[in-house]
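Presented below is the structure to which this report refers.
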Number of protein chains: 2
Amino acid sequence: MATIKEVAQHAGVSVATVSRVVNKSGYVSVSLEERVRTAMRELNYKPSALARSLRRQVTQTIGVLVPQLDQPFFSTLAFAIEKTLFGQDYRALVCSSEESREKEDAYIDILLRQRVDGVVLAPTGHNTENIHRLVDGGVPVVIVDRNLPHVPVNRVLTTNYQGAWSGARHLIELGHCRIALIGSAPHSEAMNHRLEGARQALIEAGCPPPDDMVVVNTLPEFEHSYQSARRLLDRPPEKRPTAIFALNDVMAMGVYHAASELGLTLPDDLSVVGFDDIPAARYIVPGLTTVAQPIYQMGEAAALTLIRHIQDDSLPLETIELETRLVVRGSTAPMEPHR
Amino acid sequence: MATIKEVAQHAGVSVATVSRVVNKSGYVSVSLEERVRTAMRELNYKPSALARSLRRQVTQTIGVLVPQLDQPFFSTLAFAIEKTLFGQDYRALVCSSEESREKEDAYIDILLRQRVDGVVLAPTGHNTENIHRLVDGGVPVVIVDRNLPHVPVNRVLTTNYQGAWSGARHLIELGHCRIALIGSAPHSEAMNHRLEGARQALIEAGCPPPDDMVVVNTLPEFEHSYQSARRLLDRPPEKRPTAIFALNDVMAMGVYHAASELGLTLPDDLSVVGFDDIPAARYIVPGLTTVAQPIYQMGEAAALTLIRHIQDDSLPLETIELETRLVVRGSTAPMEPHR
DNA sequence: GCCAATAAAGTAATCGTTTTCATTATAGTA
DNA sequence: TACTATAATGAAAACGATTACTTTATTGGC
C-alpha cells in the first residue's frame, strides 16, 4: 500500500505538500495540486488512519459495548448508533460482552488501548470499577438502557418505571386483576424499575400480585421465560393468571409459546404485554401489545451526545430520558365477564 | 494517558526495556522487570495500539461488513464472527452497508485506510469492483452468505439450492401441490439459488408453479412479504395456495401475519416454510418449519478462515460450503384430503 | 586466566502521517 | 523604492510504540 512519501516522490513534491492536498489545509498551487492528485490516483493512495490518528491524537473511533449483539434490542441499538456515527464521520468498534464481567473488562481494556475517542456502553451491571477506568482515562462515556449509580458519565435512559406502570395499568383497565409478572436479571436497574412500576400499578388498583405471580429469572431470555410461563399457566383456571406482563418482548414470546402448548389462545384465554417493541413484536401473531422503547432514538441520542462531549470537554454531564409508549396490538383483550 | 517514555522515566530505565517487559521479548532482569511493572501500574499505562500497529504493520483488526445489522440473520452472524475473533485476539470493526452501494463503497475505503488485516464481507451484490479494491490492496477477504462470481476471495457458503429443494420437497411429501414461492432481491445469488432449488423440486414433482404463484420482491423484508402474501391468499379457496415457501424467515413472518388477518389458521388452512432459522422461528406460534442455515458456524468458519489466510498468505483460496438442514416445526401439516 | 557465549541494558532508526518553522517568491502599499 | 503581507513550498520534529544495533557485564569451558 502506497505511502505519502511515495506519492510525494512520484509527484516530485514534498510530503508536506501532499498532506496539504489531502487535508485541504494551507496553501498549494493549482499546478502542484493537480500533480499530487494524479499521483495519488496512479498509486491508489489511501492515507493511513493509524499514522494520522497517532499524530493528531484522535481516532474518530467510538467503542460500542453491548451485552449481547444477537439480541434484537441490542442489535437494533448498535445499528442505530453505528448509523448515526457514520453520518458524523466516526467509526464504531462494536463489542459484545455476552453479559460476562470478564469480557466486559477485557473489552474496556482494548478500547483504552485503541485510544477510542469515546464509548457508548450498555453495561452488564456487574461492576462499575471498569467504567471508572474509562473516565479516569479521560474517555467520554455515555451509558444507555441500563443505569448505574455513582458514575460520572452521560446517560440515555427511558422511563422504565412509568412505562411498566402504564403497561400494567392497561391490563387493569381491561378488567384484569390476576396478573403475573415475569422479569429477570436482578443486577439490571432497568429491569428492577420495570418490576417496581408494574407492581405499583397493581397495588394502586387493589390487585397486589402474590409472590407466586411474580417470577424473576436470572436471564432475560426466551427459554427461561417459557419455563416460567408454563408453571404459571399450568394451573386450574381459577388460579391461573388472566394476564401476563413480561418485562421484555423476547420473554413475552416465551409466554406465547407456553400458552400455545397448553392450548390457550391469545387474547381470549390470556392477555400478554411485553416491553421494548422489537421488530418481531409486530410480526408475531397476534401482534404483541408492548411498552415501546424508542430504540432507534436511544442509539441516535447516545451517539450524538457522545460526539458533543468529545468535541467540547467542558460540557457538563447530561442525562437524557426518553419516553416509553404503550403500543396496543392484538395480544390483550378485555377480561371475559364469566371469569 | 501515560506513554512508554513516561513509564521508562518513572522506572529509571530505557523505553526499550519497558517494551521488552510489555511484550515479554528479549532479556530483562527480574529486578528491573519488577520496577517496570510497578511503574506501569502506578501510571495506569496502556500501550497505544495505534503506535504499535503503525510500527508492526498489523492491526489485529478485522472489518466486518454486513448489509443490515438490524436483521436477525446478520446480527447473529456478526455476533458469531465477533466472538470468534475475540477468542483469537482480533478486534471487529462492524459496519452496516444498509444494502446501499454507496455506503458499502465508503466503508471499504474506510477499512483500507484503517489498515484492517482482513475483511469478512456479506456483499450487497451491487458490484464487485469495490471487492477488487480490497484484493488489490493485499487485504485477505472472505465473503459469506451471498456469493459473487469472478472475485479471487475465500468463501463461506451454504447449500442454498439443495436446502430450498428439500424445503419444497417437504411440502410435496405432505401432499401439497399448489405452492407459492416468495423470494426477493434479484441481485442476491443466494436468493436466486433458493428460488431455483425450490422451483426445481416442484417441477420434478409435477407441480410447476405458475407465474402468479412466484413473487420476487425488491427487498427481503417483512412488509413486502406481508403484502405479497395478502395478494396470494386473498383468493377463493380453490385458487389459493395451500402452502407458501418464503425464502427467508422474516418473510415467512409476513405470511403468518397475512394469514392471520385473513382468518386462516396455520397449519390447517395453510402450511408455511421459511429459510434461515433465526431465533424467532422457534419463538413464534406455531413454530416455523424452516431450512436452517448454521449461522453461528458460518460466522465462525469465516473468521477462522480469514485468520488463517492472514497468517499465511501463501494459502490457496478456499470455498467452504456448509449444509442447510430442514427443521420441521408446527407450521406445516399434511394437505387436508377434502381440498 | 583467556575467550566465547550469553545476559542485560541502552541508543537510535523506523512506521506514516501532521504540523511547526523557515525560506523564498510575489503582490500590494506607502 | 523599500517594506510588509501573503502565497507557496520544503525540512524536520513530533506522535508512541518496536526492534536492529551497540555496548558492557557475567558466566562457563578449557
Return a table of donor-acceptor pairs under 3.5 angstrom between the side chains of residues 293-300 of chain B and protein atoms on other chains or two or more places apart.
{"from": "B:Q293", "atom 1": "OE1", "to": "B:T158", "atom 2": "OG1", "distance (Å)": "2.6"}
{"from": "B:Q293", "atom 1": "NE2", "to": "B:D276", "atom 2": "OD1", "distance (Å)": "2.8"}

Of residues 14-21 of chain A, the positions that come close to DNA chain D - non-hydrogen atoms, cut-off under 4.0 Å | A:S14, A:A16, A:T17, A:R20
Applying ring-ring contact (aromatic ring centres under 6.0 Å, His included) to A:H132 and not counting sequence neighbours gives none
Any pair with a residue in residues 301-311 of chain B that passes side-chain hydrogen bond (donor to acceptor under 3.5 Å, both in side chains), sequence neighbours left out, goes on the list, sorted by first then second residue, please.
-> B:N154-B:H309, B:R308-B:E318, B:H309-B:E318
Contacts to DNA chain C from residues 105-117 of chain B, heavy-atom cutoff under 4.0 Å, which residues?
-> B:R115
For A:Y107, what residues pass the ring-ring contact (aromatic ring centres under 6.0 Å, His included) criterion, not counting sequence neighbours?
-> B:F86
Going by heavy atoms closer than 4.0 Å, what residues in residues 40-60 of chain A are next to DNA chain C?
-> A:Y45, A:K46, A:P47, A:S48, A:A51, A:R52, A:R55, A:R56
For B:E33, salt bridge (Lys or Arg N to Asp or Glu O under 4.0 Å) partners two or more places apart = B:R37
Nearest to the side chain of A:T3 - C:dA9, D:dA17, C:dG16?
-> C:dG16
Main-chain N/O of A:V13 paired to A:T17 side chain as donor or acceptor, under 3.5 Å | no
Euclidean distance, atom NZ of residue B:K5 to atom P of C:dG10 [Å, nearest integer] | 15 Å
Partner of B:R155 by side chain to side chain contact (heavy atoms under 4.5 Å, CB included), out of B:D145, B:I320, B:T319 | B:T319
In whole angstroms, the gap separating P of D:dA25 from CG of B:L32 amounts to 15 Å
Expressed in angstrom and rounded to an integer, what is the separation of B:R35 atom CZ from C:dA8 atom P?
-> 14 Å
Using residues 109-120 of chain A as the side-chain source, report each donor-acceptor pair under 3.5 Å to any protein atom, sequence neighbours left out, with the distance given to one decimal.
{"from": "A:D109", "atom 1": "OD1", "to": "B:K46", "atom 2": "NZ", "distance (Å)": "2.9"}
{"from": "A:D109", "atom 1": "OD2", "to": "A:R113", "atom 2": "NH1", "distance (Å)": "2.6"}
{"from": "A:R115", "atom 1": "NH1", "to": "A:L112", "atom 2": "O", "distance (Å)": "3.0"}
{"from": "A:R115", "atom 1": "NH1", "to": "B:K46", "atom 2": "O", "distance (Å)": "3.2"}
{"from": "A:R115", "atom 1": "NH2", "to": "B:K46", "atom 2": "O", "distance (Å)": "2.9"}
{"from": "A:D117", "atom 1": "OD1", "to": "A:T59", "atom 2": "N", "distance (Å)": "3.0"}
{"from": "A:D117", "atom 1": "OD1", "to": "A:T59", "atom 2": "OG1", "distance (Å)": "3.1"}
{"from": "A:D117", "atom 1": "OD2", "to": "A:T59", "atom 2": "N", "distance (Å)": "3.3"}
{"from": "A:D117", "atom 1": "OD2", "to": "A:Q60", "atom 2": "N", "distance (Å)": "2.7"}

Between C:dT19 atom C1' and A:K24 atom NZ, what is the distance in whole Å?
-> 18 Å
Test side chain to side chain contact (heavy atoms under 4.5 Å, CB included) applied to A:T218 - qualifying residues, sequence neighbours left out = A:H224
Starting at atom CG of B:N23, determine the distance to atom P of D:dT18, rounded to an integer number of angstrom.
-> 4 Å
Touch class at under 4.0 angstrom, heavy-atom based, for A:V22 against every strand present = nothing
Starting at atom CE of A:M1, determine the distance to atom P of C:dC15, rounded to an integer number of angstrom.
-> 17 Å
Mind checking what makes side chain to side chain contact (heavy atoms under 4.5 Å, CB included) contact with B:Q9, not counting sequence neighbours?
-> none
Over how many whole Å does the gap from B:E33 atom CD to C:dA8 atom C1' extend?
-> 13 Å
Can you name the residues that form a ring-ring contact (aromatic ring centres under 6.0 Å, His included) with A:Y90, not counting sequence neighbours?
-> none
